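The block underneath contains the structure these notes are about, expressed in structure tokens.
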Amino acid sequence: DGGITQSPKYLFRKEGQNVTLSCEQNLNHDAMYWYRQDPGQGLRLIYYSQIVNDFQKGDIAEGYSVSREKKESFPLTVTSAQKNPTAFYLCASSNILGNSGANVLTFGAGSRLTVL
Amino acid sequence: DAKTTQPPSMDCAEGRAANLPCNHSTISGNEYVYWYRQIHSQGPQYIIHGLKNNETNEMASLIITEDRKSSTLILPHATLRDTAVYYCASSNFNKFYFGSGTKLNVKP
């Protein structure tokens with residue numbers, strides 16, 4: 001079945017450590033995204049990539065880094081510069097639907113990061 | 001860029017229609033409206049989207065006002081399994097702007 005796989009599902013990190021969250025998709029989608037979700041809040045965009053070897057900052061990119069070396073992979077690194085990294089992280093992918101401009105996101109199951 | 005706002009919670013009786021509102025007063029002419037739902041600690045699931053016209057699929061109906069400043073997601077016969085957080089979002093191609101979500105409680 002096609003879909004998006006995020007790993008690990010749960011991750012604990014000590015302060016000052018970098019951590020990388022994996023996101024892999026087999027949907028042949030061009031665009032991939034990383035969102036952060038905090039309790040009781042909506043989804044906030046961290047980074048997105050429309051094509052291999054290109055990515056753009058979202059609304060809350062500070063303290064995060066990404067790479068897009070392969071179409072199917074878009075890993076997110078949470079660096080020690082991120083002041084409040086404890087959150088639920090969601091990866092998504094999409095393709096533009098025909099010529100309409102509509103763009104449906106498919107989400108992974110998420111990764112929950114806790115800083116101890 | 002559009003900002004979407006939603007009520008934080010709503011109750012609905014099982015078997016009745018659930019009507020979830022969303023305001024997107026700054027939406028531009030080429031931005032679509034999307035609805036997703038999220039069951040606790042899972043990834044959001046796509047429900048429906050629209051631009052100007054009302055839309056219906058096997059899951060729900062979407063009503064968009066003529067001025068496009070608000071929309072309503074309708075679940076025609078809510079079941080207990082429809083209890084979730086429902087997110088409204090607007091998008092122009094690759095950037096999505098999500099509301100803070102409405103927690104729908106379907107009660108027996």
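Computed from a predicted structure; not experimentally measured. Each chain gets a letter, A, B and so on, in the order the sequences are listed, and its residues count up from 1.
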Show me the donor-acceptor pairs, under 3.5 Å and distance only, between side chains in residues 8-20 of chain A and residues at least two apart or in other chains.
unit_1 : atom_1 : unit_2 : atom_2 : d
R13(A) : NE     : Q17(A) : O      : 2.7
R13(A) : NH1    : Q17(A) : O      : 2.9
R13(A) : NH1    : V78(A) : O      : 3.3
Q17(A) : OE1    : K14(A) : N      : 3.1
N18(A) : OD1    : S80(A) : N      : 2.9
T20(A) : OG1    : T77(A) : OG1    : 2.9

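- To the nearest 0.5 Å, atom OG1 of residue T83(B) and atom CG of residue N105(B) are 6.0 Å apart.
- Y48(A) pairs by the ring pair (Phe, Tyr, Trp, His ring centres under 6.0 Å) definition with nothing, not counting sequence neighbours.
- Residue L105(A) touches chain B through both its backbone and its side chain, counting heavy-atom pairs closer than 4.5 Å.
- Under the side chain to side chain contact (heavy atoms under 4.5 Å, CB included) criterion, A78(B) pairs with C12(B), A18(B), D82(B), V106(B), sequence neighbours left out.
- Per-residue counts of heavy-atom pairs under 4.5 Å with chain A were compared for P44(B), S41(B), G43(B); the largest is that of P44(B).
- Residue S61(B) forms a side-chain hydrogen bond (donor to acceptor under 3.5 Å, both in side chains) with just one option from T72(B), T56(B), N54(B), N19(B), and that option is T56(B).
- Scanning residues 65-74 of chain A against chain B with a 4.5 Å heavy-atom cutoff picks out nothing at all.
- The backbone N or O of Y32(B) sits nowhere less than 3.5 Å from a side-chain atom of S91(B) that would complete a donor-acceptor pair.
- When the shell of 6.0 Å around CD of E14(B) is examined, it contains more than 12 heavy atoms from other residues, nucleotides or ligands.
- Heavy atoms of Q56(A) lying under 4.5 Å from chain B are absent altogether.
- Rounded to the nearest 0.5 angstrom, L75(B) CG and I47(B) CD1 are separated by 6.5 Å.
- Residue L90(A) touches chain B through its side chain alone, counting heavy-atom pairs closer than 4.5 Å.
- In this structure, chain B has a heavy atom under 4.5 Å from the side chain of R112(A), while its backbone stays farther away.
- With ring centers used as reference points, F96(B) lies under 6.0 Å from Y34(B).
- Proximity to chain A (any heavy atom under 4.5 Å) is shown, for Q45(B), by neither the backbone nor the side chain.
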